[in-house]
Structures are given as C-alpha cells and as structure tokens.
Amino acid sequence: MPQLTDEFKELDFKSETYKDAYSRINAIVIEGEQEAHDNYITLAGLLPESHDDLIRLSKMESRHKKGFEACGRNLDVTPDLQFAKEFFSGLHQNFQTAAAEGKVVTCLLIQSLIIECFAIAAYNIYIPVADAFARKITEGVVKEEYSHLNFGEVWLKEHFTEAKAELELANRHNLPIVWKMLNKVEGDAHTMAMEKDALVEDFMIQYGEALSNIGFTTRDIMRLSAYGLIAA
Ligand code: PL3
Ligand code: FE2
Ligand code: FE2
C-alpha cells in the first residue's frame, strides 16, 4: 500500500497528537474569522456606498466563526486563542494602520485578497482530510469565501488605475507575512495531513487569479509574487 494512503488511514481525530495540533489550527481559523468580521465592519465605515454589502459579509464571517467553534467542541478541543492572536498580529497591525489612514485599497488587499485567498487555500486542502462533521461545515464556509474574494476583486477592478500603485506597495508589505504565517503552521498542518507545498500552491493560484481579474498583467503578477519572497 502506498505511503500516503497509510498516513491518511492513520489519522485518528481523537488522538492527543491530532487534538494538540487542532487546538492551534482551530484557534487560527476562529481568530481569522473574527478578524475578517471586524475588518468588514471597518470597511463598511470606509466605503459608505458598499456599507450594506459589507455588513452582510461581516455577518457571514461571524457565522463561520461559530461553525469552526463547533468543530473544536465536536473533537473536545480547547482552541489556543492566545497563539492565534499572535499568529494574526502582523496582518492585524497593518490593517489597523491602513484603516486609520483611510487607505481603503490596502485594507481590501489585506482582507479580501490575502486573508480570503489564505482561507480558500486552507479550507480546500482541509476538506478531504477533515472529520465528517468539520468537512460539512468547511464545505459550506468555503463557498462563501469565494464571494468575499469576489467583492474585493470587483471593487479593485473598478478602481484599478488609481489603486495600482497602492496595491503594489501593500502586496510588498503583506505577502511576506503570509509566508511567515505558513511556516508557523507547517508542523501542525502536517499532523492534520495538510502539506505546506499544497497550501502555498493553492494560495498562489487563488491570489494570482485575483490579481489577474483586477487588471494586472502576467508580467505584473510574476513581479508581485516574487516580491513576496523578499523580507517585509
Ligand atoms: C476569512 O473569512 C477567514 C480567514 C481565516 C484564515 C484561515 C487561515 C488558516 C491557515 C491555517 C492552515 C490550516 C488550515 C486548516 C483549515 C481548518
Ligand atoms: Fe469566513
Ligand atoms: Fe471571508
């Protein structure tokens, strides 16, 4: 029997090893959904013309959070929320600073492109290796995340000419943070049968597609992606 199948067969959702990893990954997802909820409320204040849509998105995020809290309870796991707050602190800080300066474009890049693409990649990789309860919840959630990504794409496409320079700078400041975050979860994700390479690949595909939909050329996208590899 192939190695991979063996490893997957051995996934025991009730084992202490799995539950220990889950206490951090589950907390990250709960905190991520909370962060997304707060960010959409902030964006609703910055974009009066999209106020109602953004409040609707924020409510979806708080439902997502409740869903993932139920996933933790179902496995008898207490999420390590302190760890998760720390995990999100870089993107949190950059979003807060941008919001205080009224930089809507930067806020949208952080929340609707980076965080949503990160969530879509993570949830898609998680679904096939999740326990049955969490799989159902995550399948429902990921469908909605695509609509959040779409909100950012549509807005930024409509404002592409004025937004381009700010998007490039925001990409340069925030993409390297994503790689640091991925490095911090690599071990726990592996315990849950999710590989870092697959997460990186899925993230870059989502993010690259989003940049292309907004109006960046392939050449731009290559350059923007490479900037992510340089330290913030
Ligand atoms: C946006 O609506 C929500 C943002 C959540 C971000 C989650 C990032 C998760 C990265 C951790 C990788 C493991 C995935 C596990 C999925 C349950
Ligand atoms: Fe969400
Ligand atoms: Fe979302």
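All residue numbers refer to positions in the sequence shown, counting from 1. Counting starts at 1 for both ligands and their atoms, in listed order.
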Euclidean distance, [Y] [atom2] relative to [X] [atom1], rounded to 0.5 Å:
X: T78; Y: R73; atom1: OG1; atom2: CZ; value: 11.0 Å
X: H37; Y: L57; atom1: NE2; atom2: CG; value: 11.0 Å
X: L156; Y: L113; atom1: CG; atom2: CG; value: 5.5 Å

Ignoring hydrogens, just give me the one of E116, K65, E35 whose non-hydrogen atom is nearest atom 1 (C) of ligand 1.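 Of the listed residues, E116 has the closest heavy atom.
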Among protein heavy atoms, which sits nearest to [atom], and what does the distance come to when rounded to 0.1 Å?
atom: atom 5 (C) of ligand 1; result: Y123 OH, 3.5 Å
atom: atom 10 (C) of ligand 1; result: F118 CZ, 3.7 Å
atom: atom 13 (C) of ligand 1; result: M194 CE, 3.7 Å
atom: atom 4 (C) of ligand 1; result: I115 CG2, 3.5 Å
atom: atom 14 (C) of ligand 1; result: A122 CB, 3.4 Å
atom: atom 15 (C) of ligand 1; result: I25 CG2, 3.4 Å

If you take the centroid of each ring, where Trp contributes its six-membered ring, are F216 and F160 closer together than 6.0 Å?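 Yes - the distance between ring centres of F160 and F216 falls below the 6.0 Å cut-off.
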Hey, are R24 and D188 close enough for a salt bridge, meaning a charged N less than 4.0 Å from a carboxylate O?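 Salt bridge between R24 and D188, a charged N being under 4.0 Å from a carboxylate O: yes.
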If you apply the rule ring pair (Phe, Tyr, Trp, His ring centres under 6.0 Å), what do you find for Y123 with F68, and how did you get there? CA-CA 11 Å; Y123 298 165; F68 288 120; 5.1 Å; yes
Counting only heavy atoms closer than 4.0 Å, does ligand 1 sit against the backbone of M192, its side chain, both, or neither?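 The answer is neither.
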Using a 4.0 Å cut-off to any heavy atom of [X], which atoms of ligand 1 qualify?
X: Y126; result: 16 (C), 17 (C)
X: V29; result: 17 (C)
X: E33; result: 1 (C), 2 (O), 3 (C)

The Fe ion (ligand 2) to nearest N/O/S of E116 below 2.8 Å: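 Given the 2.8 Å cut-off, E116 does not count as a ligand of the Fe ion (ligand 2).
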Presence of N, O or S from E145 under 2.8 Å of the Fe ion (ligand 2):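 Yes, since at least one N, O or S atom of E145 sits under 2.8 Å from the Fe ion (ligand 2).
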Can you name the N, O or S atom of H64 that is closest to the Fe ion (ligand 2)?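 The Fe ion (ligand 2) is closest to the H64 atom ND1, counting only N, O or S.
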Taking both backbone and side-chain atoms of E61, is any N or O found less than 3.5 Å from an N or O belonging to ligand 1?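 E61 vs ligand 1: N/O contact under 3.5 Å present.
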Please indicate whether any nitrogen or oxygen in H64 is less than 3.5 Å from any nitrogen or oxygen in ligand 1.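 Such a contact does not occur with ligand 1.
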